[in-house]
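The next block holds one structure in the form of structure tokens; read it before the comments.
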Amino acid sequence: MDRPFNIPDEFVDGFAKAGASLWRSLSWPINGESDGAMRNSPLAPSGRIAELQADYLKGLYRLTEHFMTSAAGGQGNGGIEPARGDRRFNSAEWRENSLYSLLKQSYLLNSRYATEFVEALDMEDKEKHRLRFFTRQLVEAMSPTNFIATNPDVIKLATDTDGQSLKIGLDNLVADLGKGNLTITDETAFEVGKDVATSKGAVVFENELFQLIQYDPATEQVAARPLLIVPPCINKFYILDLQPANSFVRFAVEHGQTVFVVSWRNPDASCGHFGWDDYVEHGAMRAIEIVQSISGADKINVVGWCVGGTILSSALAILRTRGDEKVASVTLLTTMLDFREPGDLGVFVDKESVRQRELTIGNGGIYRGAELGFVFQTLRSKELIWPNVINHYLKGKLPERFDLLFWNADVTNLPGPMYCWYIRNMYLENNLRNANRLSMCGTPVDLGRVDLPAYVLATVEDHIVPWRSAYRTTGLFGGDTRFVLGASGHIAGVINPASKNKRSYWVSGERCEDPAAWLAGAEEKAGSWWNDWIGWLKPQSGEQLPARAQLGSNLYPPGEPAPGRYVKAKAD
């Protein structure tokens with residue numbers, strides 16, 4: 001039976017394993033004493049846990065004292081306050097009403113204790129990471145703001161609307177349960193090709209895996225070497241072309257680049273046999289071949305983002321091994337090639353979970369995008385899940401209209417064999433970083449053979465590709481690499497339009513083994529990394545030529561207008 005909101009097996013299993021770890025860690029008396037067996041356990045209580053217990057009891061005493069003083073009309077000696085930037089308790093009632101204040105501070109005290117307790121445990125790093133992640137999920141789920149009876153804003157709105165807000169919210173909940181997804185944005189607010197993905201161009205090639213889009217030039221002169229972008233196949237490409245003001249595609253075109261983009265097909269049941277090699281050979285490698293053919297250039301420049309960057313890097317290693325020199329340079333955006341520290345996504349991956357997926361979809365089938373979308377939402381549940389639960393279900397409000405969230409909700413499926421191979425060989429076994437350990441498309445893969453100029457971007461708050469993991473690419477490729485660290489996270493750090501001059505980025509000419517040492521010596525620069533990248537790309541782009549009046553070529557004539565039909569297909 002399907003679970004509500006497409007909760008995947010990995011999430012349920014991860015919660016169970018985290019709970020088992022916590023249960024073992026609690027198998028001692030509360031005063032910290034234990035028998036010999038427990039003293040020899042790797043989870044045995046330490047002096048730090050005894051300190052936490054004492055601090056917690058002191059916190060309860062201060063909280064009780066503060067509440068009694070405030071309830072009597074006096075001024076308490078101050079209480080526990082939310083962390084800076086936590087907007088859950090902004091309403092005045094959480095400060096001025098003694099009962100709500102007690103509720104808030106009790107929650108914050110318990111949350112702090114649970115979090116610090118996990119950090120004090122002695123356990124293997126991966127197990128601790130899992131426990132830390134799921135403890136955070138539980139802590140955020142139990143916030144009093146998430147419940148009707150304990151959220152003063154919800155109660156006030158229900159009173160003011162004679163209960164209509166609750167009725168509408170219940171209707172919203174029933175509707176979301178029916179479709180199996182949590183609504184995080186107004187999914188009718190945008191139309192692909194009309195409001196987003198609006199850059200002009202045409203599809204110049206398609207196969208079963210992707211459509212190749214070429215965009216109209218915006219300058220009279222263009223670089224001789226074109227630019228091919230390979231986005232992740234776990235999301236749709238138009239994050240790079242949301243609207244004119246924040247379109248990376250438009251930025252590149254306006255700077256004289258002839259831009260091509262791979263638009264991956266949203267797999268249905270007929271695509272359940274595709275594997276990783278198909279995405280490398282019939283995806284990235286085929287796109288490189290066609291772009292060079294259409295342009296007639298000696299070489300092309302390529303960009304890969306996230307999983308698209310992993311696919312592209314694999315393709316480049318194969319091409320270089322085969323003596324193919326079609327590519328002049330490579331840019332990787334928040335891409336992981338060394339998976340030893342995979343971040344929060346790693347909590348969902350272990351031998352048991354991977355084996356289970358291999359048994360169910362490893363030889364054919366589909367990994368549903370709705371399940372993967374739920375996993376990504378849990379990585380930022382405080383921003384993506386619980387505010388929407390409160391606004392949509394408890395307050396009966398319409399979801400906000402936001403292009404980035406619209407794209408985020410437009411999920412894609414993955415072929416089961418491709419997904420299982422990727423999870424095992426990258427996240428579980430971390431094979432790609434080791435020269436010739438993997439063979440793809442019949443060729444041993446050695447990333448060291450990618451001896452091209454490389455521009456590697458990471459973002460400091462990335463919750464999907466930790467920047468330190470992305471930094472390790474500098475030690476894998478065989479050419480000169482420029483590493484740039486952007487502000488913000490996995491999406492907002494990449495989609496940072498140069499015209500808005502927001503945020504900052506860090507650069508350094510020094511190559512260090514330790515990412516922290518690199519950052520310590522890096523220079524912070526204001527504004528978008530886009531300007532830095534386009535300056536780096538220019539020497540790789542060749543001479544200036546008159547822009548062509550026609551897209552495609554005789555062999556690859558232009559077909560349907562951009563963004564094509566593949567990107568418009570919805571996941572089942």
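These figures come from a predicted structure and were not determined experimentally.
Between H463 and H490, the two ring planes are perpendicular [angle over 60°; tilted spans 30° to 60°]. The aromatic rings of W264 and Y279 sit tilted, their planes meeting at an angle between 30° and 60°. Between Y427 and F339, the two ring planes are perpendicular [angle over 60°; tilted spans 30° to 60°]. The aromatic rings of W518 and W467 sit tilted relative to each other, their planes meeting at an angle between 30° and 60°. The aromatic rings of W530 and F251 sit tilted, their planes meeting at an angle between 30° and 60°.
Proximity of L332 to S313: side-chain heavy atoms (C-beta onward) are separated by under 4.5 Å at one or more points. Side-chain contact between R265 and L209: absent, with no pair of heavy atoms (C-beta onward) separated by less than 4.5 Å. Side-chain contact check for K299 versus Q540: every heavy-atom pair is 4.5 Å or farther apart.
Salt-bridge formation is not detected for the pair R437/E429: no Lys NZ or Arg NE/NH1/NH2 atom is positioned less than 4.0 Å from an Asp or Glu carboxylate oxygen. For the pair E187 and K179, the salt-bridge criterion is met [side-chain N within less than 4.0 Å of a carboxylate O]. With respect to D324 and K326, a salt bridge is recorded, a charged nitrogen being found less than 4.0 Å from a carboxylate O. Salt bridge absent: D446 and R320 never bring a charged side-chain N and a carboxylate O closer than 4.0 Å. A salt bridge links R357 with E10: at least one charged nitrogen is closer than 4.0 Å to a carboxylate oxygen. A salt bridge links R225 with D298: at least one charged nitrogen is closer than 4.0 Å to a carboxylate oxygen. Note on D338 versus R433: salt bridge recorded, some NZ/NE/NH1/NH2 to OD/OE distance being below 4.0 Å. Between R565 and E560 there is a salt bridge, since a side-chain N of the basic residue sits under 4.0 Å from a carboxylate O of the acidic one. The existence of a salt bridge linking R355 and E352 is excluded, since no basic side-chain nitrogen approaches an acidic carboxylate oxygen closer than 4.0 Å. Ionic pairing of D186 and R401 is not present here: no N-O contact between side-chain nitrogen and carboxylate oxygen is shorter than 4.0 angstrom. Using a cut-off of 4.0 Å between Lys/Arg side-chain N and Asp/Glu carboxylate O, E358 and R424 are scored as salt-bridged.
Side chain of N181 to backbone of T183: no donor-acceptor contact under 3.5 angstrom is found. Looking only at distances, no side-chain donor or acceptor of S508 sits under 3.5 Å from a matching main-chain atom of A522. With hydrogens and angles disregarded, a donor-acceptor distance shorter than 3.5 Å links the side chain of N388 to the backbone of L384. Between the T459 side chain and the E461 main chain, no donor and acceptor come within less than 3.5 Å of each other. Side-chain atoms of N235 never come within 3.5 Å of backbone atoms of P232 as a donor-acceptor pair (strictly under, hydrogens ignored). Within the 3.5 Å criterion, the main-chain N or O of F477 finds no donor-acceptor partner in the side chain of T481. Between the D9 side chain and the V12 main chain, no donor and acceptor come within less than 3.5 Å of each other. Counting only distance, with no hydrogens or angles, the side chain of R503 and the backbone of A492 share a donor-acceptor pair below 3.5 Å. Here the side chain of S553 pairs a donor or acceptor atom with the backbone of Y556 at under 3.5 angstrom. Side chain of S528 to main chain of N496: a donor-acceptor pair is present (N/O by atom type, distance under 3.5 Å, no hydrogens or angles).
Here the shortest heavy-atom pairing between P387 and S381 reads CD-O, 4.0 Å. The shortest heavy-atom contact between L555 and S293 is CD2-OG, 4.3 Å. Here the shortest heavy-atom pairing between D241 and S247 reads OD1-OG, 2.7 Å.
Within 6.0 Å of the NZ atom in K538, the count of heavy atoms belonging to other residues, nucleotides or ligands does not exceed 12. In D514, the CG atom is crowded: over 12 heavy atoms of neighbouring residues, nucleotides or ligands sit closer than 6.0 Å. By the 6.0 Å contact criterion, CD on E208 is open, its count of non-hydrogen atoms from other residues, nucleotides or ligands being 12 or less. Counted within 6.0 Å of CG on D480, heavy atoms from surrounding residues, nucleotides or ligands total 12 or fewer; the atom is thus considered open.
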Dump the intermediate steps for side-chain contact (heavy atoms from CB on, under 4.5 Å) on I229 and V262, then the final yes or no. CA-CA 6 Å; I229 302 175; V262 168; over 6 Å; no
Steps toward side-chain contact (heavy atoms from CB on, under 4.5 Å) verdict (V456, R482): CA-CA 6 Å; V456 176; R482 179 173 178 79; over 6 Å; no
Assess whether side-chain contact (heavy atoms from CB on, under 4.5 Å) is satisfied between V375 and L345, documenting all intermediate values. CA-CA 8 Å; V375 169; L345 283 177; 3.8 Å; yes
Working for side chain to side chain donor-acceptor pair (under 3.5 Å), residues S504 and E524: CA-CA 7 Å; S504 62; E524 183 175 8; 2.7 Å; yes
Using salt bridge (charged side-chain N to carboxylate O under 4.0 Å, His left out), reason through K568 and E191 one step at a time and then give a plain yes or no. CA-CA 9 Å; K568 297 179 182 179; E191 181 181 340; 5.9 Å; no
Quick one: do L319 and M285 satisfy side-chain contact (heavy atoms from CB on, under 4.5 Å)? Show the steps, please. CA-CA 8 Å; L319 291 174; M285 292 168 64; 3.9 Å; yes
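Taking CG of N436 as the reference point, atom CG of L447 lies at 10.0 Å (rounded to 0.5 Å). Distance check: I184 CD1 to E400 CD gives 9.0 Å after rounding to the nearest 0.5 Å. Between the CH2 atom of W536 and the CH2 atom of W529 there is a distance of 10.5 Å, given to the nearest 0.5 Å. Here I366 contributes atom CD1 and H273 contributes atom NE2; the two are 10.0 Å apart, rounded to the nearest 0.5 Å. In this structure, the separation between CZ on F210 and OG on S263 is 10.0 Å, given to the nearest 0.5 Å. Annotation: the span from T258 atom OG1 to I294 atom CD1 amounts to 11.0 Å, rounded to 0.5 Å.
Under the 6.0 Å cut-off for aromatic ring centres, F483 and Y471 qualify, their centroids lying closer than that. F348 has its ring centre less than 6.0 Å from the ring centre of F133. Between Y215 and F260, the ring center distance fails the sub-6.0 Å criterion. Annotation: W533 is in aromatic contact with F248 [ring centroid separation under 6.0 Å].
Side-chain polar atoms of Q243 and D403 form a donor-acceptor pair below 3.5 angstrom. Side-chain N/O atoms of D13 and S353 include no donor and acceptor closer than 3.5 Å. In summary, the side chains of E206 and Q211 do present a donor paired with an acceptor at a separation below 3.5 Å, with no hydrogens or angles considered. A donor and an acceptor atom, one from each side chain of D532 and Y455, are located under 3.5 Å apart. Looking only at atom types and distance, the side chain of W305 has no donor-acceptor partner in the side chain of T335 under 3.5 Å away. Residues T412 and N266 have side chains that never bring a donor and an acceptor to within less than 3.5 angstrom of each other.
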